[in-house]
Amino acid sequence: MSDAKLAPNLPQWMLDHANRYIASGGTEGHLYKISPPGYGDLTVPALLLTTVGRKSGEKYIFPLFYGKTGDSYIIVASKGGAPEHPGWYRNLVANPEVEIQAGTLKTKARARTVTGEERARLWEKAVEFWPPYADYAKKTDREIPVVVLDPVN
């Protein structure tokens with residue numbers, strides 16, 4: 001991961017969070033406390049996703065909230081309900097081989113976008129760990145991708 005760098009154009013709170021996460025080796029920042037408007041205080045698990053840039057070929061790190069399904073991780077390409085998919089999602093569609101750090105655990109993983117019944121089930125889990133996803137879905141015409149990161153040994 002040493003050749004990876006934080007993604008450009010991240011909002012300041014994400015930069016601060018990711019820098020604390022990286023600097024602590026994952027002992028700080030794994031559980032992120034936040035108070036989104038209208039939801040009160042939430043503590044959400046966060047991971048660091050490293051993708052290979054689809055144009056640059058460089059490795060970029062993105063801090064993302066996540067859930068678990070079995071041994072795999074669930075992430076959501078919401079971009080706050082923006083009309084287009086986030087850059088990290090477009091990167092992993094182009095190259096599904098990613099690296100993740102959840103707390104102090106680092107692993108390689110393969111990303112896959114889920115569909116149908118599996119997406120419906122995992123979307124419900126995602127809304128449990130981050131309730132604002134439900135609002136983001138109302139703001140956009142696109143179906144927000146739900147991605148499963150399957151660890152690769």
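Position 1 is the first residue of the sequence, and the numbers go up from there. Just so it is clear, the structure is predicted and the values come from calculations on it, not from any experiment.
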Side chains of Thr43 and Ile34, heavy atoms from C-beta outward: is any pair under 4.5 Å? no
- Does the side chain of Leu10 come within less than 4.5 Å of His17's, by heavy atoms? no
To the nearest 0.5 Å, atom NZ of Lys59 lies from atom CG of Asn95 at 10.0 Å
Here the pair of heavy atoms bringing Ala94 nearest to Arg54 is CB-CB, 3.8 Å
Non-hydrogen side-chain atoms of Lys108 and Glu97 separated by less than 4.5 Å:
no
* Asked: So do Lys106 and Glu99 actually touch side chain to side chain, heavy atoms under 4.5 Å?
  -> no
Distance-only donor-acceptor check, side chains Tyr89 and Thr113, under 3.5 Å
yes
- Query: Are any of the side-chain heavy atoms of Leu92 and Val147 separated by less than 4.5 Å?
  - Reply: yes
Assess the pair Trp13 and Tyr32: is the distance between their ring centroids shorter than 6.0 Å? yes
Of all heavy-atom pairs linking Tyr133 and Ala126, the shortest is CD1-O, 3.5 Å
For Arg142, the salt bridge (charged side-chain N to carboxylate O under 4.0 Å, His left out) test, sequence neighbours excluded, returns none
Smallest heavy-atom separation, Pro132 atom then Leu42 atom, equals CD-CD1, 4.5 Å
Tightest non-hydrogen contact, residues Gly57 and Val52, listed as O-CG1, 3.6 Å
Rounding to 0.5 Å, atoms CD (Glu128) and CG (Leu122) come to a distance of 11.0 Å
Let me see the working for Ile75 and Leu149 under side-chain contact (heavy atoms from CB on, under 4.5 Å), right down to the final yes or no. CA-CA 8 Å; Ile75 55 174; Leu149 305 172; 3.8 Å; yes
**Study point:** Pairing of Arg112 and Glu118 as salt bridge, 4.0 angstrom limit
**Key:** yes
Distance col, row Asn91:CG vs His85:NE2, nearest 0.5 angstrom, shows 13.0 Å
Tightest non-hydrogen contact, residues Trp123 and Ala137, listed as CZ2-CB, 3.8 Å
Dump the intermediate steps for side-chain contact (heavy atoms from CB on, under 4.5 Å) on Leu6 and Leu15, then the final yes or no.
-> CA-CA 8 Å; Leu6 287 172; Leu15 284 174; 3.8 Å; yes
Q) Under a 4.5 Å cut-off applied to non-hydrogen side-chain atoms, are Ile100 and Leu48 in contact? A) no
I'd like to check Leu64 versus Trp88 (side-chain heavy atoms, cut-off strictly below 4.5 Å). Are they in contact?
yes
- [ ] Verify the cluster assignment for Val148 and Leu105: are they in a single hydrophobic cluster under the rule of side-chain heavy atoms below 4.5 Å apart?
- [x] yes
Between Phe129 and Gly67, the two heavy atoms sitting closest are CE2-N, 3.2 Å
key: Verdict with reasoning, Arg90 to Glu84, per salt bridge (Lys or Arg N to Asp or Glu O under 4.0 Å)   = CA-CA 10 Å; Arg90 297 194 303 267; Glu84 72 285 340; 5.8 Å; no
Run the numbers on Thr115 and Val146 for side-chain contact (heavy atoms from CB on, under 4.5 Å), then give the verdict.
CA-CA 8 Å; Thr115 56; Val146 176; over 6 Å; no
In short, side-chain hydrogen bond (donor to acceptor under 3.5 Å, both in side chains) pairs touching residues 65-76 with sequence neighbours left out are His30-Tyr66, Ser72-Asp150
Query raised in the report: If you count the non-hydrogen atoms of other residues, nucleotides and ligands that lie under 6.0 Å from CZ in Arg110, is the total more than 12?
Result: no
Q.
Contact between Gln101 and Tyr21 at the side-chain level, heavy atoms closer than 4.5 Å - yes or no?
A. yes
| message | Checking Tyr39 against Asp135: is there a side-chain donor and acceptor pair closer than 3.5 Å? | response | yes
Distance col, row Thr50:OG1 vs Ile61:CD1, nearest 0.5 angstrom, shows 4.5 Å
